[in-house]
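No hydrogens, no waters, no symmetry mates; every other heavy atom, side chains included, goes into these values. Here is the naming used below: chain letters follow the sequence lines, and residue numbers restart at 1 for every chain.
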Amino acid sequence: MTEPVLVAVAWPYASAKIHVGNITGAYLPADILARYHRLRGRDVLMVSGSDSHGTPVTVRADQEGLTPEEVYKRFHAEFIQLFQKLGLTYDIFTSTHTRNHFDVASKLFLSLKENGYLFTEASMQWYSTEQGRFLPDRYVEGTCYFCGNTNARSDQCDNCGHLLEADKLIDPRSKIDGSTPELRETTHFYLDLEQLQDEVAEFLRDRQDYWRPNVMRQSLGQIETEGLRGRPITRDLSWGIPVPVEGWDEKCMYVWFEAVIGYLSSVVEWGLLHDKPDAWRHWWTNQESRTLYCIGKDNIPFHAIIWPAELIGVGQSFDEKMGAEDPQSLVLPYDVPANEFMNLEGQKLSGSKNWAVWGLDFLERYDPDPMRYYLTVNMPETRDTDWDWEEFYQRNNNELVATWGNLANRVLSFAYKNWEGNIPDPGELRGSDKALLETIRKGFKTVEANLEAVKLRAAMLEAMRLAAEVNKYLDTAAPWFEIKSDRSAAGKTIYTALQAIDGLKIIFSPFLPHSSEKLHSYLGYEKTIYGSLVTEEVEDDLSTHTVMLYDPGDSLTAGSEDLWKLSDLPPGKSFKQPSPLFQKLDESIVEEERGRLG
RNA sequence: UGCGGGGUAGAGCAGUGGUAGCUCGUCGGGCUCAUAACCCGGAGGUCCUUGGUUCGAAUCCAAGCCCCGCUACCA
């Protein structure tokens with residue numbers, strides 16, 4: 001077993017389709033990191049699943065006349081389809097609606113309760129006598145007590161912008177059936193964040209020098225200026241995980257409390273599915289384990305404050321409940337590299353206005369790597385960015401195709417034509433050849449430094465710069481000229497260039513895995529670089545759910561060898577006739593795609 | 001109202017005290033292995049404004065202008 005790396009990815013909410021903003025914000029950066037660490041031979045586990053519970057799912061179910069379970073399963077199936085096409089190497093992509101997750105979440109809840117970090121408190125909530133249930137604030141409308149607007153939501157008035165106290169709303173009515181709700185008292189469990197505040201702050205300070213400033217501002221900054229207050233972690237809902245306390249089975253755990261526990265439960269499930277029930281401890285109780293949380297900025301408080309607070313509060317109790325003889329505490333986040341948002345053609349994304357580029361829809365017309373490339377160079381790492389179809393088209397043709405795709409194609413074509421599909425024997429390399437290979441070796445180091453620091457844009461740019469270096473080298477050496485007078489000199493040049501693109505293939509592969517595999521196969525390798533994604537139906541006493549799993553197979557990264565380096569290319573080895581790695585796009589797609597919006 | 005981010009070449013960005021840089025586009029040249037791709041060179045900027053600190057400011061301070069988010073039980 002080598003260094004454990006846990007890539008924990010935001011759980012998509014199973015009530016909406018996935019768009020490019022979601023992908024660039026969390027799922028793609030996670031896969032880039034996971035693939036990079038796989039190349040390094042580390043014990044990578046990339047985990048996530050569908051967040052299946054909560055109000056939006058039930059609301060959508062009501063609208064469509066379906067059960068919440070049917071709604072979640074429909075979106076869950078689409079997520080898996082998209083992730084397989086994009087090549088996101090989740091070791092496990094599961095769901096929160098599984099017996100295993102219920103069990104783990106309940107153990108965690110009870111651990112917090114036993115350790116004294118939960119308390120109960122009563123409050124007044126709107127209750128629908130018609131439906132016999134409590135209504136979420138956003139489903140109660142009425143008259144604003146500030147401006148008199150008669151269509152104010154009970155939590156906020158869209159007319160005057162004031163935040164409202166729900167119980168002061170005038171003439172409340174249910175948005176669902178128009179009936180008049182009444183105020184009723186209800187009691188909930190609260191997570192005592194105030195009590196955990198000092199330890200959370202200490203946890204954050206320890207990481208202050210390498211976390212992104214935007215994440216620190218929203219976590220440590222908030223604690224230092226406003227402090228933390230208890231937050232309710234249960235709801236009067238029926239779709240979710242029942243509160244595991246006697247007399248409370250009518251209420252559920254609140255999704256924001258329960259979904260993050262998926263980072264733990266999914267690792268447990270992965271172990272169970274691989275007949276390694278104790279494997280979860282390798283990532284979760286081993287203090288050497290590096291846990292990275294890839295999320296969007298809307299999730300920062302949950303991952304940088306609340307989840308660490310839950311983990312701290314649990315202490316060793318969870319491990320004890322899992323049957324450990326010598327229980328350990330759980331590993332706190334190493335980094336939470338949250339991204340900002342991606343807009344579209346200058347405007348905020350909006351599902352209801354169809355102002356979005358949907359993942360599956362995009363892949364109907366384009367290949368996955370162009371999307372991965374554009375989303376990486378445009379990743380909102382430090383500020384909001386913009387998806388612009390004109391720019392997508394330009395970058396695809398002028399950068400991806402022209403610099404990298406063309407480089408691979410020109411080298412392979414020339415070699416194939418002049419050496420009958422065998423790697424030429426270079427003999428002794430010249431100074432200029434060695435210099436190029438040295439540039440690539442240094443490139444591995446630079447890209448590595450950027451990836452370790454989760455600076456993916458910079459890493460991608462550096463990779464492209466290296467491709468440009470090889471193009472320059474070719475232009476200087478001019479093998480098409482050499483070959484006319486000195487075949488052996490041309491052989492040295494082409495051998496060197498082949499070796500260079502063989503290395504670049506590895507450097508590009510975390511970002512652009514599909515084209516790297518293609519090039520890898522053109523170069524005549526038998527094994528693939530990465531494994532594949534498979535699905536499996538899992539049945540438990542709660543439900544049946546589909547899991548997507550990563551199968552390393554007998555790929556190069558299946559072992560623990562460090563592949564992050566220039567490898568030797570054996571002279572004489574045969575390789576295949578190449579074809580272009582990427583397609584040029586026609587300018588007409590710009591207007592075509594813009595026409596689909598809105 | 002409060003909080004946060006931002007205003008640097010046509011576009012997108014980097015640059016936190018010492019002659020203003022990168023990618024793309026643009027103009028000119030070279031090459032012909034390659035998906036008219038690749039390589040070289042040039043043009044292009046009052047670094048939002050004003051005032052201040054300093055030998056010296058895009059970079060620090062003050063005031064102001066403009067854009068964009070957030071301030072939701074949408075996790």
Can you find a side chain N or O atom of [X] that sits less than 4.0 Å from OP1 or OP2 on [N]?
{"X": "A:R217", "N": "B:G5", "value": "yes"}
{"X": "A:K297", "N": "B:G4", "value": "no"}
{"X": "A:Y374", "N": "B:U23", "value": "no"}

Subject >> Close approaches to RNA chain B from residues 464-480 of chain A, in residue order (heavy atom, under 4.0 Å) >> reply: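 Heavy-atom cutoff 4.0 Å gives A:A468, A:N471, A:K472, A:D475, A:W480.
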What's [X] touching, base or sugar-phosphate or nothing? Going by heavy atoms closer than 4.0 Å.
{"X": "A:H303", "answer": "base"}
{"X": "A:Q125", "answer": "base"}
{"X": "A:F257", "answer": "nothing"}
{"X": "A:L581", "answer": "base"}
{"X": "A:A259", "answer": "nothing"}

Counting only Watson-Crick or G-U wobble pairs whose two distances fall under 3.5 Å, which nucleotide matches [N]?
{"N": "B:G28", "value": "B:C40"}
{"N": "B:C3", "value": "B:G69"}
{"N": "B:A34", "value": "none"}
{"N": "B:G51", "value": "B:C61"}

Between the protein and nucleotides 11-17 of chain B, list every N/O to N/O distance that falls short of 3.5 Å.
{"unit_1": "B:A14", "atom_1": "OP2", "unit_2": "A:R383", "atom_2": "NH2", "d": "2.3"}

Do [X] and [Y] have ring centres separated by under 6.0 Å?
{"X": "A:F93", "Y": "A:H76", "result": "yes"}
{"X": "A:Y373", "Y": "A:W404", "result": "no"}
{"X": "A:W239", "Y": "A:H97", "result": "yes"}
{"X": "A:F257", "Y": "A:F189", "result": "no"}

Lys/Arg-Asp/Glu bridge criterion (N-O < 4.0 Å) met for [X], [Y]:
{"X": "A:E340", "Y": "A:R383", "answer": "no"}
{"X": "A:R74", "Y": "A:E78", "answer": "no"}
{"X": "A:E482", "Y": "A:K492", "answer": "no"}

**OP:** Applying ring pair (Phe, Tyr, Trp, His ring centres under 6.0 Å) between A:W256 and each of A:W307, A:W11, A:F302, report the one that passes.
**Re:**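 Output: one option passes, namely A:F302.
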[N] to [M] separation - [atom1] atoms, rounded to the nearest Å:
{"N": "B:G5", "M": "B:C61", "atom1": "P", "value": "13 Å"}
{"N": "B:G4", "M": "B:U71", "atom1": "P", "value": "15 Å"}
{"N": "B:A43", "M": "B:U23", "atom1": "P", "value": "16 Å"}
{"N": "B:A14", "M": "B:A20", "atom1": "C1'", "value": "11 Å"}
{"N": "B:U1", "M": "B:A57", "atom1": "C1'", "value": "34 Å"}
{"N": "B:A58", "M": "B:U50", "atom1": "P", "value": "13 Å"}

Original post:
Can you tell which of B:A34, B:A37, B:A75 lies closest to the side chain of A:W11?
Top reply: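 From the listed options, B:A75 comes nearest.
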Original post:
Which of the following nucleotides, B:A37, B:A75, B:A34, is nearest to the side chain of A:K584?
Top reply: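 The closest nucleotide is B:A37.
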**OP:** Not counting sequence neighbours, which residues clear salt bridge (charged side-chain N to carboxylate O under 4.0 Å, His left out) with A:R184? List them please.
**Re:**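 Salt bridge (charged side-chain N to carboxylate O under 4.0 Å, His left out) check on A:R184 returns A:E182.
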Subject >> Partners meeting salt bridge (charged side-chain N to carboxylate O under 4.0 Å, His left out) with A:D475 (sequence neighbours left out) >> reply: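 With sequence neighbours excluded, A:D475 shows a salt bridge (charged side-chain N to carboxylate O under 4.0 Å, His left out) to A:R410, given in chain and number order.
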Write out a two-atom table: protein N or O, nucleotide N or O from nucleotides 24-29 of chain B, distance below 3.5 Å.
{"unit_1": "B:G25", "atom_1": "OP1", "unit_2": "A:N398", "atom_2": "ND2", "d": "3.4"}

Original post:
Is the number of heavy atoms from other residues, nucleotides or ligands under 6.0 Å of A:Y190 OH greater than 12?
Top reply: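 Yes, enclosed.
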**OP:** Could you tell me whether the side chain of A:V57 reaches within less than 4.5 Å of the side chain of A:F75, counting heavy atoms only?
**Re:**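 Not touching, per the 4.5 Å side-chain cut-off.
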Original post:
Hey, does the side-chain of A:N406 have a donor or acceptor N/O within less than 3.5 Å of a partner on the base of B:A34?
Top reply: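 Side chain to base: pair present.
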Sub-3.5 Å pairs of nitrogen or oxygen atoms, protein against nucleotides 42-44 of chain B:
none

